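This one's a predicted model, so the numbers in the text were calculated from it and none came from an experiment.
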Amino acid sequence: KGSSHLPQQLKFTTSDSCDRIKDEFQLLQAQYHSLKLECDKLASEKSEMQRHYVMYYEMSYGLNIEMHKQAEIVKRLNGICAQVLPYLSQEHQQQVLGAIERAKQVTAPELNSIIRQQLQAHQLSQLQALALPLTPLPVGLQPPSLPAVSTGTGLLSLSALGSQAHLSKEDKNGHDGDAHQDDDGEKSD
């Protein structure tokens with residue numbers, strides 16, 4: 001009796017152990033799968049972050065070059081003003097010196113105001129560019145023009161101007177490319 005009871009118990013525990021091992025293996029597979037998905041997600045986020053880093057680095061580099069360029073322009077214009085100033089009458093010299101001092105004292109609110117005006121003008125010009133084919137401008141309404149930028153407006157306005165100039169160049173290039181394609185298409189027909 002004792003010998004027949006022992007093999008049944010051994011057989012039961014062996015199949016039970018196999019089932020337990022199978023369950024653990026499936027659990028480990030599920031964990032591996034979820035970890036692999038998380039790893040893939042992190043890898044894609046990493047590549048996205050690297051792409052953003054490169055984009056910001058390029059923007060920073062471009063703005064740095066633009067800032068140095070603007071500083072050189074300011075230096076040269078100051079030299080020109082210094083050379084021309086002695087030839088002016090005493091009254092005009094005082095006016096020019098006052099204007100130069102005012103130009104040097106640009107405040108942060110003024111910069112923000114200039115940037116806001118430029119962005120609004122840019123947005124309006126984009127909206128009008130979309131609306132022009134559909135509806136003409138009302139009588140007396142002129143398309144907005146970008147405000148003049150003094151040499152002391154700062155880095156923020158330079159970035160706004162740079163992006164506007166870049167966008168307008170792309171728009172012009174896109175339209176020119178379309179015109180050339182149309183001309184080529186007409187010639188081939």
Salt bridge (charged side-chain N to carboxylate O under 4.0 Å, His left out) against Lys75, all qualifying residues, sequence neighbours excluded:
Glu72

Please identify each residue that fulfils salt bridge (charged side-chain N to carboxylate O under 4.0 Å, His left out) with Glu48, with sequence neighbours left out.
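Only Arg51 meet the salt bridge (charged side-chain N to carboxylate O under 4.0 Å, His left out) criterion with Glu48.
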
Taking everything shown except His33 itself, do over 12 heavy atoms lie less than 6.0 Å from its NE2?
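Atom NE2 in His33 is not packed in, count stays at 12 or less.
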
For the side chain of Ser113 and the backbone of Pro109, is there at least one donor-acceptor N/O pair under 3.5 Å apart?
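Such a contact is absent between Ser113 side chain and Pro109 backbone.
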
From [X] atom [atom1] to [Y] atom [atom2], the distance as rounded to the nearest 0.5 Å:
X      : Y      : atom1 : atom2 : value
Asn78  : Arg76  : CG    : CZ    : 13.0 Å
His122 : Leu127 : NE2   : CG    : 10.0 Å
Gln118 : Ile114 : CD    : CD1   : 7.0 Å
Cys18  : Lys22  : SG    : NZ    : 10.5 Å
Leu63  : Met67  : CG    : CE    : 9.0 Å
Leu119 : Leu124 : CG    : CG    : 11.0 Å

Which residues pass the side-chain hydrogen bond (donor to acceptor under 3.5 Å, both in side chains) test with Arg116, not counting sequence neighbours?
none

Rest of the hydrophobic cluster containing Val96 (Ile/Leu/Val/Met/Phe/Trp/Tyr, side-chain heavy atoms under 4.5 Å)?
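In the cluster with Val96 are Leu85, Leu88, Leu97, Ile100.
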
Any heavy-atom pair between the side chains of Leu27 and Gln31 that's under 4.5 Å?
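Yes. Closest side-chain heavy atoms under 4.5 Å.
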
Quick one: does Tyr53's side chain get under 4.5 Å of Met49's, heavy atoms only?
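No - every pair of side-chain heavy atoms lies 4.5 Å or more apart.
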
Among all residues two or more places apart in sequence or in another chain, which pass the side-chain contact (heavy atoms from CB on, under 4.5 Å) test with Gln105?
Glu101

Going by side-chain contact (heavy atoms from CB on, under 4.5 Å), name the residues that satisfy it together with Ser89, two or more places apart in sequence or in a different chain.
Glu91, His92

Quick one, Tyr56 with Met59, criterion side chain to side chain contact (heavy atoms under 4.5 Å, CB included). Give me CA distance, side-chain angles, the key distance, then yes/no.
CA-CA 5 Å; Tyr56 289 133; Met59 286 172 53; 4.1 Å; yes

Which atoms form the tightest heavy-atom contact between Ala82 and Pro86, and what is the distance?
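Nearest pair, atom of Ala82 first, then Pro86: O-CD, 3.1 Å.
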
